[in-house]
Amino acid sequence: MSFDAAALANRVTRPLRAYDPGHDLPALRKRFGPVLAELGSNETVLGPSPQAIAAIESALPEVFRYPDPQGGALKQALAERLGVERAGIALGNGSHELLMLLAQCFADEQSSVVFSQFGFAVFPIATAAAGATAICVKALAPDHPSAPYGHDLDALAAAVRVDTRLVYLANPNNPTGTWFSDAELAAFLGNVPESTLVVVDEAYQEFVDAAGAGGALGLRKHFPNLVVTRTFSKAYALAGLRIGYLLADPSVVAVLERLRESFNVNSLALAAAAAALGDTAHLERVCRWTREERAWLAAELAGRGYRVLPSQTNFLLVDLGEDAAGLQDRLFERGVIVRPMAGYGLAHTLRISLGTRAENERLLAALP
Ligand SMILES: *Cc1c(COP(=O)(O)O)cnc(C)c1O
């Protein structure tokens, strides 16, 4: 028998599978060169604030030192910007790390975690990694008028049990692009006991312009069990640096601090994020462009007969019926990379991130 560590993996890890990146992007970049249109990862193609780039350059000579383990300067900047107390902020190596850490610290084999069908892919993984019982709640119907495939908040609240430590919601959600209002969230929180932490993943919050969907932060005072995660990966266009943050009651942050890696956020990311946060003009430019390009691309696709689902994000989910895999292959052969959704159980859809106008036009030109 040859050695295989798979048999040695612990009970929690044994049934899991590794992250599927969808495509081998380094190989595709070699194959297609500059005509490759990478529309699969919800990045912001306008790029980060020039002030963030300058901050990285200034921080470079000190890269031999460990970063500030508290991220004090960035927390101070976030506290001032968002009107929250510093002790209620945790920083993560991407918000992905914080979503995992929440389950690691608050869920276990004696507890359950609730999330929606078609919710963000990290939620079931975080649940499994903690050995907790996953309660996956059926999504809204495909023909729901405002949120097809979206979170059914009533059903999610009803699914919460006495042993439920966490509920994960994404608003807006990836991959569906759907969202719910602040009033709907307030009603949901009113239906969930304080012994259940409600995590609202707001990775795309900056892009939202729908009425009554200003984000969960305003509800923090009324619901100490509310946890909000955000990221510098999307609207701030710093995905490669890996930095996100979480806003919660200081007692939640204090628990997370027990397991957080001391130097989880690197020094270049800390410097860049603080600078990016200060450049509100750049953020506004990115958000305005995203909303306009989203509306333009959605209209172009709809004009060609595609069913584009409503989105408040920087991507569109397109419902294609039977043809999704064939269309994905066709686009792929033409160097247009979109995200197949079979892994989410949405095999009849494709997720398309906004590219530059030239890339979006290449996408349209590659359609049959
Ligand atoms: C992209 C994304 C994140 C952000 O992940 P990072 O680890 O911060 O890059 C979190 N949640 C959702 C729903 C996302 O789509």
Side-chain angles (χ1 to χ4, degrees), residues 19-22 25 38-45 47-48 52 71 74 78 89-104 115-127 129 139 147 149-151 166-180 185 198-208 213 215-216 227-247 256 260-261 264-266 268-270 272-273 276-277 286 290 294 309 311-317 338-339 341 343-344 346 349 351-354:
Y19 173 71
D20 175 7
L25 285 171
E38 297 183 27
L39 310 181
S41 296
N42 303 344
E43 294 142 347
T44 286
V45 291
L74 177 59
L78 283 166
I89 304 174
L91 304 177
N93 193 264
S95 51
H96 187 153
E97 184 192 31
L98 295 167
L99 294 167
M100 296 293 290
L101 195 55
L102 281 161
Q104 222 184 332
F115 50 83
S116 176
Q117 181 189 22
F118 313 133
F120 186 44
V122 169
F123 304 160
I125 298 169
T127 305
Y149 306 108
H151 288 11
L166 291 168
V167 178
Y168 284 114
L169 309 173
N171 192 34
N173 183 44
N174 172 19
T176 58
T178 50
W179 68 99
F180 48 81
L185 177 61
V198 175
V199 182
V200 184
D201 175 350
E202 292 192 334
Y204 300 93
Q205 207 283 325
E206 294 87 351
F207 297 129
V208 173
V227 178
V228 180
T229 63
R230 293 196 178 166
T231 183
F232 285 93
S233 296
K234 305 286 159 57
Y236 291 96
L238 293 170
L241 285 180
R242 313 302 307 124
I243 176 162
Y245 59 97
L246 165 155
L247 308 156
L256 297 176
R260 182 181 66 83
E261 272 184 64
N264 61 331
V265 180
N266 72 77
L268 303 184
L270 288 172
L277 199 65
V286 164
T290 299
R294 180 172 76 206
L309 303 187
S311 170
Q312 285 281 294
T313 64
N314 63 348
F315 62 83
L316 298 170
L317 190 71
V338 301
R339 192 60 166 242
M341 287 285 116
Y344 271 96
L346 288 166
T349 69
R351 195 192 66 194
I352 304 173
S353 313
L354 299 176

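When a ligand or atom number is given, it counts from 1 through the structure's own listing order. Along the sequence shown, residues carry numbers from 1.
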May I ask you to test the [X]-[Y] pair for a side-chain heavy-atom distance under 4.5 Å?
| X | Y | value |
| --- | --- | --- |
| E261 | N93 | no |
| L277 | Y236 | yes |
| R339 | F315 | no |
| N173 | S116 | no |

Angle between ring planes, F118 versus Y149, binned at 30° and 60°: parallel, tilted or perpendicular?
perpendicular
Within the 4.0 Å heavy-atom shell around [X], which atoms of ligand 1 are there?
| X | value |
| --- | --- |
| N174 | 13 (C), 14 (C), 15 (O) |
| A203 | 2 (C), 3 (C), 10 (C), 11 (N), 12 (C), 14 (C) |
| G94 | 6 (P), 7 (O), 8 (O) |
| K234 | 1 (C), 2 (C), 3 (C), 4 (C), 14 (C), 15 (O) |

Counting the benzene-type ring for Trp, do Y245 and F232 have ring centres under 6.0 Å apart?
yes
Can you pull out the closest protein heavy atom to [atom]? Residue, atom name and distance to 0.1 Å, please.
| atom | answer |
| --- | --- |
| atom 11 (N) of ligand 1 | D201 OD2, 2.6 Å |
| atom 9 (O) of ligand 1 | S233 OG, 2.6 Å |
| atom 4 (C) of ligand 1 | S95 OG, 3.2 Å |
| atom 7 (O) of ligand 1 | R242 NH2, 2.6 Å |

Consider every N or O of N42 and every N or O of ligand 1, then say whether any pair is closer than 3.5 Å.
no
Check whether the side chains of R242 and N266 place a donor and an acceptor atom closer than 3.5 Å, and report yes or no.
no
Do any heavy atoms of F232 fall under 4.0 Å from ligand 1?
no
